[in-house]
Amino acid sequence: MAGLASDGSNPDVGLLYDINGLAKAAPPWFDRVMGFVGEYGIMLGLVLLGLGCWWSLRRRGTLADSVAGLAALIWAPLAAAVALLVNIPIRGFVERPRPFNDHQGLEVLVQGKTDFSFVSDHATMAMAIAVGIFVAHRRFGLFAIGLALVEGFCRVYMGVHYPTDVIGGLALGTAVALLLAPPALALLTPVVSAVARSPRGAPLVRARGADERPAPAGTVGMPETRTASGERDLAA
């Protein structure tokens, strides 16, 4: 398995050279930016996006929506951690060297990568977090998934992963975040609900004075509406 994608005629290698070749043509300052973005920037962006999603959920929609959304946001980093644990035996089984170890002429933007290449940890973490955010709120989640895809591109651009390393990471992160979401949310939702009922924990779930209007489209849960007479009615 270690020789996977080592043949120069392999489309995986060809695409690696095509994408990484952009780094050779780019000015040095741009490569430095891409190196930072691919190594740290996207992850920071996902954290900020998750915080923005939490802020939006706690200020709008019903209490049930806020509880379900916060539970999904808590699951996002947990899903990333689980996916990284799953990746440990995968990397040990495949044992694919980093592309710069087997192929000459690559522009490597970060140094010190001595572990195996398949699958990409960064792509795995980014997509697991993005899918968790998507479970909480669709609009925020779509932006997060876009960032995860950019992360995958950056890893190839930086010369530290093959395209299939990235595809494998994106698939692994998606699978873990989605397949384990039902049991994870079944455990997390009661905990968040209990926190919401406590005086000290309530501000984490609901903003003071937040109304009970329906949650915006794309948020978790089936919101309720109130008629002019004050009677509750499930939103269609």
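Closest approach of F100 to G159, counting heavy atoms only: CD2-O, 3.3 Å. Nearest heavy atoms, S56 versus F140: CB-CE1, 3.9 Å. The two atoms that bring V135 and A72 nearest to each other are CG1-CB, 3.9 Å, heavy atoms only. Nearest heavy-atom pair across H137 and C53 is CB-SG, 3.5 Å. Smallest separation of non-hydrogen atoms from P77 and L73: CD-O, 3.0 Å. Across every non-hydrogen atom of D12 and Y162, the tightest pair is OD2-CB, 3.4 Å.
To the nearest 0.5 angstrom, T124 atom OG1 is 10.0 Å from E151 atom CD. The line from CZ of F116 to CG of N101 is 10.0 Å long, rounded to the nearest 0.5 Å. Taking CZ from R32 and CZ from F30, the interatomic distance works out to 12.0 Å, rounded to the nearest 0.5 Å. If you take CZ on F36 and CG on L109, they are separated by 14.0 Å, rounding to the nearest 0.5 Å. Here the straight-line distance linking atom CZ of R138 with atom CD1 of I133 works out to 15.5 Å at 0.5 Å rounding. Here I74 contributes atom CD1 and L187 contributes atom CG; the two are 12.0 Å apart, rounded to the nearest 0.5 Å.
I167 and V131 end up in different hydrophobic clusters when Ile, Leu, Val, Met, Phe, Trp and Tyr side chains are linked at under 4.5 Å. V47 and I129 end up in different hydrophobic clusters when Ile, Leu, Val, Met, Phe, Trp and Tyr side chains are linked at under 4.5 Å. Clustering ILVMFWY residues whenever any of their side-chain heavy atoms sit less than 4.5 angstrom apart, transitively, puts L51 in a cluster other than the one holding I145. Both L149 and L142 are part of a single hydrophobic cluster, where members link through side-chain heavy atoms under 4.5 Å apart. Put simply, M127 and I90 are part of the same group of oily side chains (I, L, V, M, F, W, Y) that touch within less than 4.5 Å, one to the next.
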Sequence neighbours left out, cut at 3.5 Å: what donor-acceptor pairs do the side chains of residues 39-46 make with other protein atoms?
from : atom 1 : to   : atom 2 : distance (Å)
E39  : OE1    : R155 : NH1    : 2.8
E39  : OE2    : K113 : NZ     : 2.7

Would you list the atom pairs, donor with acceptor, under 3.5 Å between side chains in residues 169-181 and any protein atom, with sequence neighbours excluded?
from : atom 1 : to   : atom 2 : distance (Å)
T174 : OG1    : L170 : O      : 2.8

Verdict with supporting geometry, V119 and V94, side chain to side chain contact (heavy atoms under 4.5 Å, CB included): CA-CA 9 Å; V119 297; V94 177; over 6 Å; no
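Comment: R96 does not engage D102 in a salt bridge, judged by the lack of any side-chain N to carboxylate O separation of less than 4.0 angstrom. One finds no salt bridge joining K24 and D31 here, because no Lys/Arg side-chain nitrogen approaches an Asp/Glu carboxylate oxygen to under 4.0 Å.
A donor-acceptor pair under 3.5 Å links the side-chain atoms of N20 to the main chain of Y157, judged by distance alone. For the pair S193 (side chain) and T189 (backbone), a donor-acceptor distance under 3.5 Å is absent.
Residue F153 places its CZ atom among more than 12 non-hydrogen atoms of other residues, nucleotides or ligands, all under 6.0 Å distant.
Between H161 and R98, the closest side-chain pair of non-hydrogen atoms falls below 4.5 Å. Two residues are said to be in side-chain contact when any heavy atoms from C-beta on lie closer than 4.5 Å; W75 and L188 meet this criterion. At a threshold of 4.5 Å between non-hydrogen side-chain atoms, the residues M158 and V108 do not count as touching.
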